[in-house]
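What follows is a short report on a single structure.
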Amino acid sequence: MFLLKTWRKTAFGVFGYLNFTKAGFLDHSKKFKPEDMEIRIPGKNCIVTGANSGIGYATAEGLANRGATVYLVCRNKEKGEAALSDIRTKTGNLNVYLEICDLSSVNEIKSFASRFSEKNVPVHVLVNNGGLLEQNRVTTSEGLELNFAVNVLGTYTMTELMVPLLEKASPDARVITVSSGGMYTSPLTKDLQYSESNFNGVEQYARNKRVQVALTEKWAETYKNKGIGFYSMHPGWAETPGVAKSLPSFSESFSGKLRTSEEGADTVIWLTLQPKEKLVSGAFYFDRAEAPKHLTFACTRDSHALIDSIVDSLNSMASFV
């Protein structure tokens with residue numbers, strides 16, 4: 001197991017250095033088609049979680065620039081209001097709104113979903129961007145490990161509760177979940193809240209992000225007849241406030257080599273704009289192209305068979321059953 005973990009981290013490091021940095025983005029962008037990003041989407045309702053900074057902010061601004069009605073879901077009211085004001089000013093789009101919700105709380109997400117449902121508007125795009133990497137074991141007020149609560153259960157609860165509104169936007173509805181290349185270092189595991197005594201926040205984050213990719217596959221299968229497309233993506237290694245706070249040594253080591261938030265958000269916006277027939281529901285995307293979900297010899301592929309039992313656990317925790 002030690003050798004396997006070492007191989008995963010080494011392979012990820014090499015693969016990441018070659019592809020996930022700013023240099024990787026600039027290289028891959030040579031194949032990009034500018035017209036793919038010139039599409040405007042007035043009348044489309046888009047929800048972006050974690051939208052007050054980093055990739056979430058860049059995504060929200062990019063969608064507002066293209067005429068969408070954008071709902072920023074933020075935990076911090078003050079930071080959310082600042083982001084709202086900035087995006088409206090920069091884009092000239094006044095159809096940008098702020099919704100306050102703490103994604104670490106199932107009850108808050110349910111409250112948000114209930115409030116939002118009263119608007120009775122179709123949701124064309126849900127961007128599950130909100131997430132965090134907490135290095136220490138922190139327990140939420142609902143008794144959950146914090147990374148898991150936000151990255152996994154929060155994402156799952158938000159998506160499931162938005163399905164009825166996504167159906168209203170059928171057949172063009174889509175859910176885009178922002179995962180991480182870190183998931184390459186971890187297989188799926190049923191130990192969702194990291195019960196091991198020596199808590200490792202980076203490893204837990206990788207596990208969480210692997211769950212997001214497997215959940216996207218599961219959602220694509222479950223809702224294939226509902227007119228909703230499900231996609232996960234990896235933004236590359238971007239220089240964001242979250243990375244600087246959670247991984248300061250990494251951020252310093254790669255200073256000047258990391259992507260901008262806009263470069264990190266590029267594929268999210270691309271996935272929003274493309275005709276669904278160009279996309280594969282359940283797939284994992286990176287730099288505007290379908291990407292592998294597993295590294296060679298990493299032995300993570302078979303672990304996805306656990307997703308049904310994981311969904312059962314999430315349903316139970318979210319009190320859907």
Side-chain angles (χ1 to χ4, degrees), residues 41 44-51 55-56 59 63 68 71 73 103 109 113 116 122-131 150-181 183-184 188 208-235 265-294 300-301 303-315 318 320:
I41 49 173
K44 294 285 183 72
N45 299 309
C46 304
I47 296 175
V48 182
T49 67
I55 290 166
T59 297
L63 297 178
Y71 297 89
V73 178
L103 296 174
I109 295 170
F116 197 87
V123 173
H124 297 86
V125 183
L126 168 63
V127 179
N128 288 315
N129 165 77
V150 175
N151 301 329
V152 177
L153 190 58
T155 295
Y156 182 78
T157 305
M158 179 68 76
T159 302
E160 291 288 345
L161 291 178
M162 286 295 114
V163 165
L165 297 182
L166 286 158
E167 282 188 76
K168 287 178 179 289
S170 173
D172 196 37
R174 57 195 75 188
V175 175
I176 303 163
T177 299
V178 179
S179 184
S180 164
M183 67 97 190
Y184 282 123
L188 210 56
N208 292 170
K209 294 299 177 176
R210 171 62 70 184
V211 177
Q212 289 181 340
V213 172
L215 274 176
T216 298
E217 290 179 339
K218 183 63 180 176
W219 281 322
E221 174 192 325
T222 302
Y223 297 115
K224 62 186 175 184
N225 297 320
K226 298 286 190 181
I228 308 170
F230 292 87
Y231 317 99
S232 56
M233 62 76 65
H234 169 30
D266 180 83
T267 295
V268 183
I269 296 170
W270 181 84
L271 285 166
T272 299
L273 301 179
Q274 299 320 293
K276 281 174 75 175
E277 53 268 24
K278 280 182 62 174
L279 306 175
V280 178
S281 190
F284 181 62
Y285 284 85
F286 174 62
D287 284 349
R288 304 193 197 178
E290 191 173 351
K293 297 171 184 173
H294 310 274
T300 56
R301 189 179 307 274
S303 70
H304 279 215
L306 296 173
I307 192 59
D308 286 346
S309 61
I310 288 173
V311 167
D312 287 343
S313 296
L314 297 177
N315 272 328
F320 288 143

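In this text, all values refer to a predicted model and were calculated from it rather than measured experimentally.
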Please tell me if the side chains of L279 and W270 come closer than 4.5 Å, counting only heavy atoms from C-beta onward. yes

Would you name the heavy atoms of A318 and L153 that are closest together and state the gap between them? CB-CD1, 4.2 Å

Any side-chain heavy atom of V178 sitting closer than 4.5 Å to one from P235? yes

So how far is it from H294 NE2 to T300 OG1, rounded to the nearest 0.5 Å? 4.5 Å

For M158 and V73, work out which heavy atoms get closest and say how close. CE-CG1, 4.5 Å

Among all residues two or more places apart in sequence or in another chain, which pass the side-chain hydrogen bond (donor to acceptor under 3.5 Å, both in side chains) test with D287? H28, R259

Do R174 and L271 come within less than 4.5 Å of each other through their side chains, counting heavy atoms only? no

Among residues at least two apart in sequence or on other chains, which ones pass salt bridge (charged side-chain N to carboxylate O under 4.0 Å, His left out) with R210? none

Any idea which heavy atoms bring V150 and G131 closest together, and the distance? CG1-CA, 3.7 Å

side-chain hydrogen bond (donor to acceptor under 3.5 Å, both in side chains) partners for T177, two or more places apart: N128

Return the set of residues passing side chain to side chain contact (heavy atoms under 4.5 Å, CB included) with P171 (not counting sequence neighbours), or none when no residue passes. none

Give, for atom OH of Y184 and atom OG of S179, the distance between the pair rounded to the nearest 0.5 Å. 9.0 Å

What closest approach, in Å, do L188 and H304 show between heavy atoms, and which atom pair accounts for it? CD2-CA, 3.8 Å

Compare every heavy atom of V123 with every heavy atom of M162, then report the nearest pair and how far apart it is. SD-CG2, 4.4 Å

Nearest 0.5 angstrom please: Y156 OH to I109 CD1, how far? 12.5 Å

Enter the distance from T157:OG1 to L103:CG here, rounded to the nearest 0.5 Å. 9.5 Å

Please tabulate, one pair per line, all N/O donor-acceptor pairs under 3.5 Å involving side-chain atoms of residues 222-229, not counting sequence neighbours.
unit_1, atom_1, unit_2, atom_2, d
T222, OG1, K218, O, 2.9
Y223, OH, E160, OE1, 2.6

Residues at least two apart in sequence or cross-chain that pass side chain to side chain contact (heavy atoms under 4.5 Å, CB included) with S232, listed by chain then number, are V213, T216, F284

Here the pair of heavy atoms bringing V280 nearest to Y285 is N-OH, 2.8 Å

To the closest 0.5 Å, what do you measure between CG (L215) and CG (L314)? 6.0 Å

NE2-CE distance between H234 and M183, expressed to the nearest 0.5 angstrom: 8.0 Å

Between N45, I47, T272, which is the residue that forms a side chain to side chain contact (heavy atoms under 4.5 Å, CB included) with H124? N45

